[in-house]
Colleague: 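My structure is below; once you've seen it, I'll send some questions.
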Amino acid sequence: VSNAGVGMAGPLECQSLAAMQSLMDTNFFGLVRLVKEVLPDMKRRRGGHIVVISSIMGLQGIVFNDIYSASKFAVEGFCESLVVQALRFNVAISLVEPGPVMTEFETKLYEEAERADYSRTDPETAEIFTKLYLRNSRDVFTSLGQTPEDIAEHTLRVIEAARPPFRHQTNVAYSPMAALKHADPSGALITDAFYKLVFKYDAVLRFGLR
């Protein structure tokens with residue numbers, strides 16, 4: 001089970017390249033290093049199961065989570081490419097894809113975001129992040145967030161499955177988001193929906209969540 005992860009949220013201009021590289025080294029290359037260690041023996045034994053804690057943000061990018069989402073997209077692409085070869089050797093790969101999870105990980109991330117320096121971006125972007133994004137995120141976590149125990153139960157079911165699924169989403173509230181993306185290959189539908197939720201109907205979004 002691969003569960004290594006660090007977070008990053010905020011305007012792109014305010015993130016250092018070193019911090020971005022460090023995040024990718026943990027979230028993506030940490031998984032790659034683990035798989036390189038365990039896969040050869042699993043192939044020799046012709047049996048095994050690699051379970052990866054991914055994220056709904058590996059399926060759909062979320063505003064102000066550019067780098068974190070990119071790392072999870074990398075995880076998804078890596079596993080999607082590897083799973084066909086792995087199946088040849090009777091090795092299963094499963095991606096567990098949670099939405100928001102209420103842990104100290106997120107609490108610390110948002111506390112740091114509130115104290116951060118946004119002078120490297122323009123005032124409008126800084127205001128969108130601090131006044132819209134952070135406020136909406138709290139409502140999302142309060143309304144839709146799962147507990148770590150809930151994610152652990154989902155992960156256990158994936159591990160114990162007679163035929164392990166390749167993807168397992170833990171939060172049904174995010175199924176429409178994934179469906180919107182698949183419904184329109186051009187990307188216009190999901191992009192327009194997110195734009196309106198963030199910039200036109202954010203009050204409706206918060207009211208609905210509450």
Side-chain angles (χ1 to χ4, degrees), residues 1-9 19-62 65-103 105-106 109 144-187 190:
V1 177
S2 174
N3 190 37
V6 293
M8 178 182 288
M20 297 177 193
Q21 290 171 328
S22 177
L23 181 145
M24 291 296 294
D25 190 53
T26 299
N27 292 10
F28 176 61
F29 287 107
L31 167 64
V32 173
R33 285 191 289 268
L34 175 65
V35 172
K36 277 176 64 68
E37 287 295 324
V38 302
L39 186 60
D41 187 57
M42 289 181 174
K43 288 165 78 173
R44 280 192 293 271
R45 290 189 285 114
R46 291 194 170 265
H49 189 187
I50 298 168
V51 180
V52 181
I53 307 301
S54 180
S55 168
I56 198 71
M57 279 193 265
L59 299 175
Q60 172 61 51
I62 302 295
N65 284 269
D66 323 274
I67 306 305
Y68 179 80
S69 186
S71 73
K72 292 300 184 178
F73 265 77
V75 164
E76 295 270 335
F78 172 71
C79 291
E80 193 171 285
S81 300
L82 192 62
V83 67
V84 174
Q85 177 202 151
L87 287 172
R88 176 70 177 178
F89 294 89
N90 195 36
V91 176
I93 297 176
S94 296
L95 289 157
V96 178
E97 299 163 335
V101 184
M102 296 177 290
T103 66
F105 178 98
E106 280 76 18
L109 183 66
L144 302 178
Q146 294 177 278
T147 65
E149 290 78 14
D150 192 17
I151 304 304
E153 288 293 332
H154 277 273
T155 304
L156 182 61
R157 289 202 292 272
V158 168
I159 291 170
E160 292 181 337
R163 297 185 65 182
F166 175 57
R167 284 192 169 96
H168 176 81
Q169 293 180 23
T170 69
N171 194 325
V172 294
Y174 285 84
S175 297
M177 185 174 74
L180 268 182
K181 186 170 182 178
H182 289 293
D184 177 18
S186 78
I190 189 82

Colleague: For T155 and N3: C-alpha separation, side-chain torsions, deciding distance, then whether side-chain contact (heavy atoms from CB on, under 4.5 Å) applies.
Modeller: CA-CA 11 Å; T155 304; N3 190 37; over 6 Å; no

Colleague: Report, one line per pair, each donor and acceptor closer than 3.5 Å where one atom sits in a side chain of residues 76-84; sequence neighbours left out.
Modeller:
{"unit_1": "E76", "atom_1": "OE1", "unit_2": "R167", "atom_2": "NE", "d": "2.8"}
{"unit_1": "E76", "atom_1": "OE1", "unit_2": "R167", "atom_2": "NH2", "d": "2.9"}
{"unit_1": "E76", "atom_1": "OE2", "unit_2": "S54", "atom_2": "OG", "d": "2.7"}
{"unit_1": "E80", "atom_1": "OE1", "unit_2": "R167", "atom_2": "NH1", "d": "3.2"}
{"unit_1": "E80", "atom_1": "OE1", "unit_2": "R167", "atom_2": "NH2", "d": "2.8"}
{"unit_1": "S81", "atom_1": "OG", "unit_2": "G77", "atom_2": "O", "d": "2.8"}

Colleague: What pairs of donor and acceptor atoms, side-chain ones from residues 20-30 against any protein atom, are under 3.5 angstrom apart with sequence neighbours left out?
Modeller:
{"unit_1": "D25", "atom_1": "OD1", "unit_2": "R33", "atom_2": "NH1", "d": "3.2"}
{"unit_1": "T26", "atom_1": "OG1", "unit_2": "S22", "atom_2": "O", "d": "3.4"}
{"unit_1": "N27", "atom_1": "OD1", "unit_2": "V6", "atom_2": "N", "d": "2.8"}
{"unit_1": "N27", "atom_1": "ND2", "unit_2": "V6", "atom_2": "O", "d": "3.0"}
{"unit_1": "N27", "atom_1": "ND2", "unit_2": "S71", "atom_2": "OG", "d": "3.1"}

Colleague: Supply the atom-to-atom distance L39 CG to R44 CZ, rounded to the nearest 0.5 angstrom.
Modeller: 9.5 Å

Colleague: Scan for side-chain hydrogen bond (donor to acceptor under 3.5 Å, both in side chains) pairs involving residues 176-185, sequence neighbours excluded, and state none if there are none.
Modeller: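 Residue pairs with at least one partner in residues 176-185: D184-S186.
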
Colleague: Taking the side chain as every heavy atom from C-beta outward, state whether T170 and D150 have any pair of such atoms under 4.5 Å apart.
Modeller: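 A side-chain contact under 4.5 Å is absent here.
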
Colleague: Excluding sequence neighbours, so at least two apart, what forms side chain to side chain contact (heavy atoms under 4.5 Å, CB included) with I56?
Modeller: L59, Q169, Y174, M177

Colleague: Atom CD1 of I151 and atom CE of M102: how far apart are they, to the nearest 0.5 Å?
Modeller: 9.5 Å

Colleague: Main chain of L144, side chain of N171: is a donor-acceptor contact present, judged purely on distance under 3.5 Å?
Modeller: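 Looks like yes, one N/O pair under 3.5 Å.
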
Colleague: Do the non-hydrogen side-chain atoms of P98 and I53 ever get within less than 4.5 Å of each other?
Modeller: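 Contact flag for P98/I53 side chains = yes.
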
Colleague: Are any non-hydrogen side-chain atoms of K72 and E97 less than 4.5 angstrom apart?
Modeller: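 With C-beta onward as the side chain, the pair stays apart.
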
Colleague: Among residues at least two apart in sequence or on other chains, which ones pass side chain to side chain contact (heavy atoms under 4.5 Å, CB included) with A152?
Modeller: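 A152 satisfies side chain to side chain contact (heavy atoms under 4.5 Å, CB included) with no residue once adjacent residues are dropped.
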
Colleague: As an exercise, state the distance from CG of L180 to CD of Q60, rounded to the nearest 0.5 Å.
Modeller: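 Result: 8.5 Å between the selected atoms.
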
Colleague: For residues 86-96, please give each side-chain donor-acceptor pair under 3.5 Å, one per line with the distance, not counting sequence neighbours.
Modeller:
{"unit_1": "N90", "atom_1": "ND2", "unit_2": "R46", "atom_2": "O", "d": "3.2"}
{"unit_1": "S94", "atom_1": "OG", "unit_2": "H49", "atom_2": "NE2", "d": "2.8"}
{"unit_1": "S94", "atom_1": "OG", "unit_2": "P165", "atom_2": "O", "d": "2.6"}

Colleague: Judged by atom type as modelled, is there a donor-acceptor pair below 3.5 Å linking the side chain of S2 to the main-chain atoms of V52?
Modeller: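 No; zero donor-acceptor contacts below 3.5 Å.
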
